[in-house]
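When a residue number appears, it is its place in the shown sequence, counting from 1. Note that the structure is predicted; figures quoted are calculated from it, not measured.
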Amino acid sequence: MALKDLMELIRAPAVLTVLGDAIAGATAAHGRVGRSGIAASASSAGFYAAGMALNDFADADLDRIERPERPIPSGRVSSGKALGVATALTAGGLAAASSAGPRALRIARPLAACVWFYDLIGKKTALGPLSMAVCRGLDVIMGAAENGWRSAVLPAGAIAGHTLTVTQVSRGEVHGTSRVAAVSAAVMAIGAASAAVVRGARSGRRGGTVGSVIGGAAFLASVLPAFVRAARDPSADNARDATRRGIRGMVPLQAAFAASHGSPGGAVFLAVIDGAGRVIGARRKQGDVT
């Protein structure tokens with residue numbers, strides 16, 4: 001398997017959007033990322049990449065009709081290799097969680113199971129958006145697990161809620177979404193950003209307030225216009241654009257929560273990740289990268 005095909009299979013640029021889940025959780029627990037937060041972020045990245053490979057394995061027959069350019073239907077990657085990649089990355093995610101600590105590993109196990117459930121079963125049912133939201137919420141909780149997961153309930157709920165509505169919009173990427181799904185995504189985005197800003201204001205730190213406002217504003221600027229367009233015209237093209245922007249918008253939302261919990265370093269790191277993702281996205285449009 002060529003490296004380029006592997007990177008396409010696991011949606012390598014999109015993996016950047018999951019690193020901040022555990023960072024948001026870790027900073028909520030004790031105001032900094034720490035070693036366990038870094039390991040939990042690596043675990044989340046492994047599970048996310050595994051889910052992307054598993055997605056293409058599960059959808060191989062449908063993709064031959066709707067997305068023949070993808071690695072499996074185009075013949076560049078076999079279904080067996082895609083399944084092997086998903087299995088190896090899941091194992092890597094569990095190993096990374098183990099290095100984060102025993103409590104993180106206890107969260108990682110159901111998280112891995114949730115990823116496999118979503119791709120193999122849940123995605124094609126009414127449970128699809130909810131199971132995806134649970135995955136992202138557990139990502140955040142895993143980052144906080146070693147230092148008290150209850151402190152991460154707010155960012156976990158906000159990120160899970162955003163994931164839920166974006167996943168509902170994504171179901172219309174081929175045949176069009178619904179105005180209700182797009183409006184719901186817009187309302188949830190406003191609620192998630194507001195939660196980060198309120199948390200920052202309550203922190204009592206000027207940096208936390210300013211950072212959460214900047215992150216929340218960047219998040220809304222990234223996702224709201226696309227959701228509004230999809231609400232006005234719920235076409236497949238607008239649904240795809242809203243989905244892409246909704247996923248990439250995770251990063252400034254994560255940064256807003258990191259800042260709100262007193263971690264300017266975590267927020268700056270995520271701002272860099274967001275910038276890298278935008279550069280990669282621009283290059284993809286120009287055909288420079290896969």
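With D5 contributing its side chain and P71 its backbone, the two residues share no donor-acceptor pair below 3.5 Å. A donor-acceptor contact shorter than 3.5 Å is absent between the side chain of R32 and the backbone of T27. Judged by distance alone, the side chain of S98 and the main-chain N or O of L94 form no donor-acceptor pair under 3.5 Å. Put simply, the side chain of S74 gets close to the backbone of R70: a donor and an acceptor are under 3.5 Å apart. Not one N or O on the side chain of S222 forms a donor-acceptor pair closer than 3.5 Å with the backbone of A218. At least one donor-acceptor pair closer than 3.5 Å links the side chain of R76 to the backbone N or O of E69.
No side-chain heavy atom of M188 sits under 4.5 Å from any side-chain heavy atom of L164. The shortest distance between side-chain heavy atoms of T163 and M250 falls below 4.5 Å. Counting heavy atoms from C-beta on, the side chains of S41 and I38 never come closer than 4.5 Å. Under the 4.5 Å side-chain criterion, counting only non-hydrogen atoms from C-beta, D21 is in contact with Q254.
In R232, the CZ atom is not crowded: 12 or fewer heavy atoms of neighbouring residues, nucleotides or ligands sit closer than 6.0 Å. For R240, the CZ atom counts as densely surrounded, since its 6.0 Å shell holds more than 12 non-hydrogen atoms of other residues, nucleotides or ligands.
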